[in-house]
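To start, the structure itself, in structure tokens.
Computed from a predicted structure; not experimentally measured.
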Amino acid sequence: MKRGLLLILFLIPILTFAQSKVFGTLQNDVGSIPYANILLENTEGKITSHTTSDDNGYFELTSENGKFILKISFVGYKTIERNINISGNKDLGKIQLEEESESLGQVEISAYKKVIKREKGKIIFDVKNSPFKSGYETTEILRITPQVLVDIDGSVKLPNGTPIVYVNGVELRLSGDDLTNYLNNLDSKNIERIEVKTTGSAKNSATNNNGSINIVLKEFPVGYHTSFTGRISYRDKDHIDRYIGNSSYFGAKKWNAYITADYFENFDQTKTETTNTFKNSNDTFNGKSIHKLNNYFSRVRAGIVLYPISSFTFGLEGFYRNSSPHSVEIGSQIYNQNEDVLRYTSVSDAKETTELYYGLTNITYNYDDKGSKIHFAGQIGNNKFISDNNVTLETFDPINYTEIDIFDTDAKSNYYDIKLDWNKIFEKDWEVSAGGRLSNVERENKLNIFTEIEGESFELDGEDFENRESIYAAYISLTKEYKKHFFEVGLRSETTNLEGIDKLYDTSVDRNYTDLFPTFNYNYNISDHKNLSLSFDKSIQRASFRQLNPYIIKINEKLYLTGNPNLTPTYLYSVGADYAYKSHTFSVRAKRIEDMISQLSIEREDGILETRPMNIGESQIYTISHDFSKRFKSKFFLKIYSKFFYTHFKYNEKIYETPSFTNQIVFYYFLNKKWTLFLTNKFVTDYRNELAEESSWDRLSVGFKLKVLKGKGIINFAAYDILNTLRMKSNTDFNTFTQDYYSKNISRFFSLSFKYTLSGKKKIQKKNLKDDGNLKNRI
């Protein structure tokens, strides 16, 4: 026993020093070469170690001792292959890469064909080998990715709707400004590839299961990486937005930590006009308003990820966001009824505070060498909303009086989410996944109302409403790859338990229902340039807390807003087919929507217009689209997405049918390694949005990007909505009356930003922990 122990102690240093490092620096005639691919292969052709060079061209590999083949490759340069014998740390010094003998344009055309791939039902954008491998925000990369649409505000869409976003396979459930901010702070040089799945999956929540986007980050050794961003957006002299942010990562071989923080000031103004015409009496209601918004918000996100062994990862994260909008709306209304004219003016002054914070954990264990794993995610959070809104209402002819209403709102939500996933990869490309999830949200909304009429003050009935929603989910998914064929079938079950109570009026809501959500995907790789896919899925949209809240809000004497506790969920069924040929993707899709939820205005017997959400009927949407994405020679990149869609909607036995067309263009012109010009344009014809028929618009934006300070600094200037056509203009038929609506904000603006990045000679291993914000969207 003692001899065995001594032998082990003797072998430990030998085993320790059997691991050696191979390092060097890549350069060309101009300078260093960052983000080149370096790998080691053993004598059997198996890759044993791989990495990429950093900003200074430096790379470092860890390997066992022995004989290997070193391969170094980079777009536009000849691939280097060397036989090396590793018996200790090996310094390869400076390695010179030679450009290909063909022209640069030909090399990049050939390379770009390999950048876009289609594998296992996914579109894969190989960012690290693309022209956009450094100096571009993730929103810009997504904008040029096939089948992905990114709007001017940074919102991301797929052909079926809003996708679920993953980072390194972990769900990133941020939304709105939080998601846009995260994507804008993530530079393309940290991204290895982007995987796009345009169809639903049983693994995902059944809520808006419209496909997914997985952003796969590069993995680096130890070090640090930090970037500072500042931005000014000019709308006019009274509306100038300001943004400042920092994103930092620090890492070692067994851990990495990160923190991001930013502050934003947003100023906007919106003009609105509404005209209601009543069919039976020819009475009209005309309203105009100007809404001014000053919004201030800050965010902090910090976390740490531990990976003591290669098969185990454990992470913790915290997030805090504070938003303080101050809005003032000045409006006037004229109501013509039976030749009597009622005139109202109103001023609403609202100061709000929203605080959101959460904590989460992710644990992943890879239990075999094929990639099978067990993943656990847990999150707990709280959202607080406080609002003080003073509304002054003045009424003229035939009754003259002044009313002042004060609305004090105190609302809060608590939520938690627990998720467990199991994945097993078998021989012959079989893969099985199964898992379960519990999501719970508890909401409470209190409202106090104080009013003053002609100097007399009194308190009105307010609101004390509580709501709890629990969702229990389980799924199983099976995938199989056979030669050129790929199959994925899955089934998800979700049970919803909903309870609500109005403490003031002693009314309650109690509802339980269980749904099954099947999914099916088939993909056939006809050849390297041809691909065919078919899909089917079912999803659900549940009513939000605000829609379920039964309290009535009095806008004025003739306009009321209220919720509807009796809403039922909306179900969506989607079937589609895609055909890809080289740079083209042709798609055909059909979607059926049952029990749509929409805001519906009804004229009551007392002449009051009451607007509330209701289940209004069924709709079918048929689409035919074409996506073209290609880089021409070495100077141009062009993406054109065109879609024709036809909406068939039935409400109260009346059919609404509307054909529509939209076209989006993304164009990049690479002047040289420092200067890039870009243009985006989106055109939409008249289209139907449930009961409303929306008006067309055309939005054009241009700008340039300049790399400075040896690529560490980036200046970005853009002019958005140059034509100034972005507005909301619609006509809605509510049977008893029609409504014409027009809204225009300051959509044309100019933005100037600067980003500066610092990093250590060795970068970090970036394994960010991502939060679960789907619940946050529902609170």
Side-chain angles (χ1 to χ4, degrees), residues 20-42 47-63 67-86 88-108 110-112 114-115 126-136 187-193 216-225 249 251 253 634 670 672-674 707-714 757-766:
S20 302
K21 293 183 178 180
V22 179
F23 50 92
T25 304
L26 305 182
Q27 62 182 25
N28 56 16
D29 295 334
V30 179
S32 60
I33 300 179
Y35 316 120
N37 296 310
I38 304 100
L39 58 88
L40 286 175
E41 290 184 358
N42 59 20
I47 298 175
T48 60
S49 183
H50 71 279
T51 188
T52 56
S53 56
D54 65 12
D55 288 336
N56 301 308
Y58 177 83
F59 69 90
E60 182 179 296
L61 295 164
T62 301
S63 173
K67 295 182 178 180
F68 297 90
I69 299 175
L70 175 71
K71 292 185 178 181
I72 303 173
S73 61
F74 190 66
V75 175
Y77 292 86
K78 293 181 179 180
T79 299
I80 293 178
E81 292 190 15
R82 289 186 185 178
N83 294 319
I84 61 174
N85 188 7
I86 301 175
N89 293 341
K90 197 175 190 68
D91 184 359
L92 300 178
K94 296 181 179 179
I95 302 175
Q96 188 82 10
L97 270 64
E98 297 181 10
E99 291 190 11
E100 292 277 8
S101 58
E102 298 90 350
S103 68
L104 180 61
Q106 292 174 333
V107 171
E108 291 185 339
S110 175
Y112 190 72
K114 300 178 182 179
V115 168
D126 188 0
V127 178
K128 71 178 186 301
N129 290 322
S130 77
F132 305 93
K133 58 182 173 292
S134 176
Y136 293 87
D187 194 280
S188 59
K189 67 181 179 182
N190 295 324
I191 302 175
E192 181 169 330
R193 66 183 183 275
V216 181
L217 304 179
K218 294 178 180 177
E219 294 187 354
F220 299 103
V222 299
Y224 69 91
H225 175 92
Y249 297 85
K253 291 186 177 181
S634 61
F670 305 95
N672 49 47
K673 292 183 178 180
K674 293 184 177 181
K707 297 181 181 180
V708 296
L709 302 176
K710 297 182 180 180
K712 294 182 179 180
I714 297 175
T757 302
L758 290 172
S759 59
K761 192 172 183 179
K762 305 173 186 178
K763 297 185 188 296
I764 63 160
Q765 188 164 346
K766 206 170 182 182

Just verifying a value: how many Å separate [X] [atom1] and [Y] [atom2], rounded to the nearest 0.5 Å?
{"X": "Ser63", "Y": "Ile84", "atom1": "OG", "atom2": "CD1", "result": "7.5 Å"}
{"X": "Arg193", "Y": "Asp126", "atom1": "CZ", "atom2": "CG", "result": "8.5 Å"}
{"X": "Ile69", "Y": "Glu81", "atom1": "CD1", "atom2": "CD", "result": "6.5 Å"}
{"X": "Ile86", "Y": "Thr48", "atom1": "CD1", "atom2": "OG1", "result": "7.5 Å"}
{"X": "Lys78", "Y": "Leu97", "atom1": "NZ", "atom2": "CG", "result": "11.0 Å"}

What residues, two or more places apart in sequence or in another chain, satisfy side-chain contact (heavy atoms from CB on, under 4.5 Å) together with Asn85?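 Expected list: Lys67.
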Could you pull out the closest heavy-atom pair between Phe68 and Leu40, with the gap in Å?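 Looking at all heavy atoms of both residues, the shortest contact is CB-CD2, 4.1 Å.
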Shortest non-hydrogen contact from Glu60 to Thr51?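 In terms of heavy atoms, the two residues are closest at O-CG2, 3.7 Å.
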Taking side-chain contact (heavy atoms from CB on, under 4.5 Å) as the criterion, tell me which of Asn37, Ile80, Leu92 meets it with Ile72. Ile80
Check step by step if side chain to side chain contact (heavy atoms under 4.5 Å, CB included) holds for Gln96 and Gln27. CA-CA 5 Å; Gln96 188 82 10; Gln27 62 182 25; 3.2 Å; yes
Checking Glu41 now: which residues fulfil side-chain hydrogen bond (donor to acceptor under 3.5 Å, both in side chains) with it, not counting sequence neighbours? Lys71
Less than 4.5 Å apart, any side-chain heavy atom of Ile95 and any of Phe59?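 Of all side-chain heavy-atom pairs linking Phe59 with Ile95, at least one is under 4.5 Å.
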When you compare the side chain of Leu70 with that of Leu61, does any pair of heavy atoms fall below 4.5 Å?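 Sidechains of Leu70 and Leu61: in contact.
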Is there a donor-acceptor contact under 3.5 Å from the side chain of Ser49 to the main chain of Thr62?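 It does hold such a pair.
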